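No hydrogens, no waters, no symmetry mates; every other heavy atom, side chains included, goes into these values. Here the structure is a predicted model, which is why all the values come from computation and not from measurement.
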Amino acid sequence: MLRLFVRLVRRPLLPAVRLWRRNIQLRVVAATLLISLAVVLALGFVVIAQVSTGLLDAKEEAAQSQAAGGFAVAQEKANTPATVDGPDATDNRVGRDASTWMNSLVKQLASGGQTAFEVVALGAGTGVEQGGPNALGVRGARASGNVDPTASVPLGLRQAVNHATGAFKTFSEIRYTAGAGEKAPEPALVVGKRLTDINGEPYDLYYLFPLTQEEESLNLVKVTISTAGLFVVVLLGGIAWLVVRQVVTPVRMAAGIAERLSDGRLQERMKVTGEDDIARLGEAFNKMAQNLQNKIQQLEDLSRMQRRFVSDVSHELRTPLTTVRMAADVIHDARVDFDPVTARSAELLAGQLDRFESLLSDLLEISRFDAGAAALEAEPIDLRDVVHRVIGGAEPLAEHKGTRIRVLGDTQPVIAEADSRRVERVLRNLVVNAVEHGEGRDVVVRLASAGGAVAVAVRDYGVGLKPGEATRVFNRFWRADPARARTTGGTGLGLSIAVEDARLHGGWLQAWGEPGGGSQFRLTLPRTADEPLRGSPIPLEPEDSRGNRARAAAEAAGSAAERQPADAGDRSPIPPRSPVANAMPVPADPTALPGSGARVVARPAGQSAQEDRGADGG
């Protein structure tokens, strides 16, 4: 369920991920936008912090200066003696009533603020935190402008003012009473100090300076920076898009032209304008394309000349070869009248002429493949008939080598659309090679059919293949051991022609081998012509290989140990199992030819050097 959920989530994101991977312009523009956004955010935070700090510092300095003047005036009024005459006579006569004097003082001090500040006076409390109306300076609270005195002055500031001398400040909110309507709280700077009234009793006087203007100024700065930052980010994104486009567009053109060049359209060239670096790149690209076209043309001409030369030589050699063959046949038929040395020479001459004729035929066939003139005459055939014809032709050589050829999987028809002549040539080459290099051991030919594919595998138990030889065995004239004699007169082109025949059918010809453990060649063909192959019904590595036998023995030993611990000492070898014809294992690399999916097992320690000799490629 988790895997299904991940798959469902990833499916709609695949187009975006594909676009991100393939579009360098999108990645550069996105990276530029992200970096620009990060820079603008960092710069905005720094500027806003600096502006906020500056505004608050200026506000604190002005508030403290103004509050200090108010504190001085309030204390001066409390210390003024009571007289009948004088400007303060009326206040002082009333002032002996501390409550009335406090109301008058708050109104007088707040009248000079002009909404720049509010004044709150709180009677001194007991200095303890037991609560109640007389705790921590809330007795006889008075405030201007419908300010809620107890809610607007923080408890921490009241504690500081009650327990120490001097002025104290803090940031808080001005909260209003119900008489002020629905007026929202405002941020404010609160400055307070302990004073004495006209009767010498202590009280706390607080100045509340609203920070509304500073907040509006800061919001204006934030909006300005946000707008400017967004504009800068968009502008940088557009600039990055234009700049990258100037670079990416020629690169895309070069990529498209390179793809067309790889498709064989060698006349394609880039359009060059200007004299900048991109123009020089385009000129260099065009010069490279021109040189490649010239070199490819030269190679094509040379290859054409070589193919024509091989074809002409092969054809021209047939006439003298026919004459030499006639003379050699006459000499060979009369060898009984010659002395032993001359008779042996006549036999050698006839054998080498046979090989010469085979070589000419193979060269002509190779030249047809190189020229693209090979034609496939496909028709429904039963591969069992082809295999039996091949085995019948190889029986004399097998009897001479002491080898027995066994066929497996021929109980059911194995039908495929193929060229019977070419398939027979491939299988004849594989079977003869297996007999020649099988060291007198059995050769197993296995047929299978499954899905849309049919396969024929030829297994021998001879010298095998050394590491790396399974991919080189299809090269022309390649030999694993140059000193090894061609006892069957091979030309060295058999496997090269065989792999070309397999390609012509749209099939695979693959090799596997291990030193001293034999080899297996597998021919896989589509059941229907032009049908793509997706797998082979026969595994490339046989089940009786050393690696598979070791793994099977280990699994069997583990199972036996779990079931019957007392029999754990029994380590008898397990006979190889027959492959299941309906299995359809997918090879490691089903499209690479020749030798696709080939695997070579390294020689184990102690293997004799004599068994390390590779198989002949022809």
Side-chain angles (χ1 to χ4, degrees), residues 59-60 62-64 66-78 91 94-95 97-215:
K59 185 66 174 180
E60 288 184 15
Q64 287 180 346
Q66 195 166 6
F71 294 151
V73 170
Q75 192 61 47
E76 181 181 358
K77 287 183 175 294
D91 291 341
V94 179
D97 183 359
S99 176
T100 305
W101 178 85
M102 190 71 69
N103 292 333
S104 177
L105 176 65
V106 169
K107 291 180 181 179
Q108 185 177 0
L109 294 178
S111 62
Q114 299 295 330
T115 69
F117 58 84
E118 301 291 346
V119 179
V120 173
L122 300 177
T126 61
V128 295
E129 300 183 14
Q130 73 276 14
N134 296 326
L136 294 178
V138 297
R139 174 173 50 85
R142 296 167 180 82
S144 63
N146 295 321
V147 173
D148 187 346
T150 58
S152 299
V153 180
L155 178 62
L157 180 61
R158 297 204 302 267
Q159 290 176 342
V161 171
N162 273 271
H163 292 84
T165 60
F168 298 88
K169 66 180 184 298
T170 187
F171 291 99
S172 180
E173 285 186 344
I174 299 178
R175 299 183 179 274
Y176 298 91
T177 60
E182 297 295 334
K183 194 172 183 180
E186 297 178 341
L189 174 63
V190 183
V191 182
K193 187 177 182 181
R194 171 63 60 88
L195 300 175
T196 55
D197 58 9
I198 56 176
N199 294 325
E201 296 292 334
Y203 74 97
D204 300 333
L205 185 63
Y206 299 93
Y207 274 77
L208 285 70
F209 297 91
L211 299 176
T212 306
Q213 293 183 354
E214 286 74 14
E215 189 177 32

J.: Using 0.5 Å steps for rounding, measure from the CD atom of Gln213 to the NZ atom of Lys59.
T.: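 With rounding to 0.5 Å, CD (Gln213) is 6.5 Å from NZ (Lys59).
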J.: Restricting to non-hydrogen atoms, name the atom on Val147 and the atom on Pro149 that form the minimum distance, rounded to 0.1 Å.
T.: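 Heavy atoms of Val147 and Pro149 come nearest at O-CD, 3.1 Å.
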J.: Is there side-chain contact between Val119 and Tyr206, with heavy atoms separated by less than 4.5 Å?
T.: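 When only atoms from C-beta onward are counted, Tyr206 and Val119 do not touch, as no gap falls below 4.5 Å.
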J.: Is there side-chain contact between Phe171 and Glu60, with at least one heavy-atom pair below 4.5 Å?
T.: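 Result yes, sub-4.5 Å side-chain heavy-atom pair found.
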J.: Looking only at heavy atoms, which two atoms of Tyr203 and Leu105 are closest? And how far apart?
T.: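 The answer is OH-CD2, 3.4 Å.
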J.: As an exercise, state the distance from CG of Asn146 to CD1 of Ile174, rounded to the nearest 0.5 Å.
T.: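 If we round to the nearest 0.5 Å, Asn146:CG and Ile174:CD1 are 12.5 Å apart.
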J.: Just how far is it from atom OG1 of Thr165 to atom CG of Leu195, taken to the nearest 0.5 Å?
T.: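 It comes to 11.5 Å.
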J.: Quick one: pull up CD in Glu173 and CG in Asp148 and give me the separation to the nearest 0.5 Å.
T.: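 Taking CD in Glu173 and CG in Asp148, the distance rounds to 12.5 Å.
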J.: Starting from the C-alpha separation in whole Å, work towards a yes-or-no answer on side chain to side chain contact (heavy atoms under 4.5 Å, CB included) for Asn199 and Trp101.
T.: CA-CA 10 Å; Asn199 294 325; Trp101 178 85; over 6 Å; no
J.: As an exercise, state the distance from CE of Met102 to CD of Glu201, rounded to the nearest 0.5 Å.
T.: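 With rounding to 0.5 Å, CE (Met102) is 10.0 Å from CD (Glu201).
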J.: For the residue pair Val120 and Ala143, what are the closest heavy atoms and their distance?
T.: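 Val120 and Ala143 have their closest heavy atoms at CG2-CB, 3.7 Å.
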J.: Would you say the side chain of Val191 lies within less than 4.5 Å of the side chain of Phe117, judging by non-hydrogen atoms?
T.: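 No, every pair of side-chain atoms sits at 4.5 Å or beyond.
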J.: Answer yes or no: is there a side-chain heavy-atom contact under 4.5 Å between Leu211 and Glu186?
T.: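 In short, these two side chains do not touch, never coming nearer than 4.5 Å.
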J.: Work out which heavy atom in Arg142 is nearest to a heavy atom in Val106; give both atom names and the distance.
T.: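 What the structure gives for the nearest pair is CB-CG2, 4.2 Å.
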J.: Locate the shortest heavy-atom distance separating Phe71 from Ala167; write the atom from each residue and the value.
T.: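 Nearest pair, atom of Phe71 first, then Ala167: CE1-CB, 4.2 Å.
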J.: Side-chain contact, heavy-atom cut-off 4.5 Å: Asp204 with Arg158?
T.: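 Side-chain contact under 4.5 Å: no.
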J.: With a 4.5 Å limit on heavy-atom distance, are the side chains of Leu208 and Ser152 in contact?
T.: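 The answer is yes, as the side chains (C-beta and beyond) meet within the 4.5 Å cut-off.
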J.: If I compare all heavy atoms of Ala160 with all of Phe168, which pair ends up nearest, and what's the gap?
T.: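 Reported closest heavy-atom pair: O-CE1, 3.7 Å.
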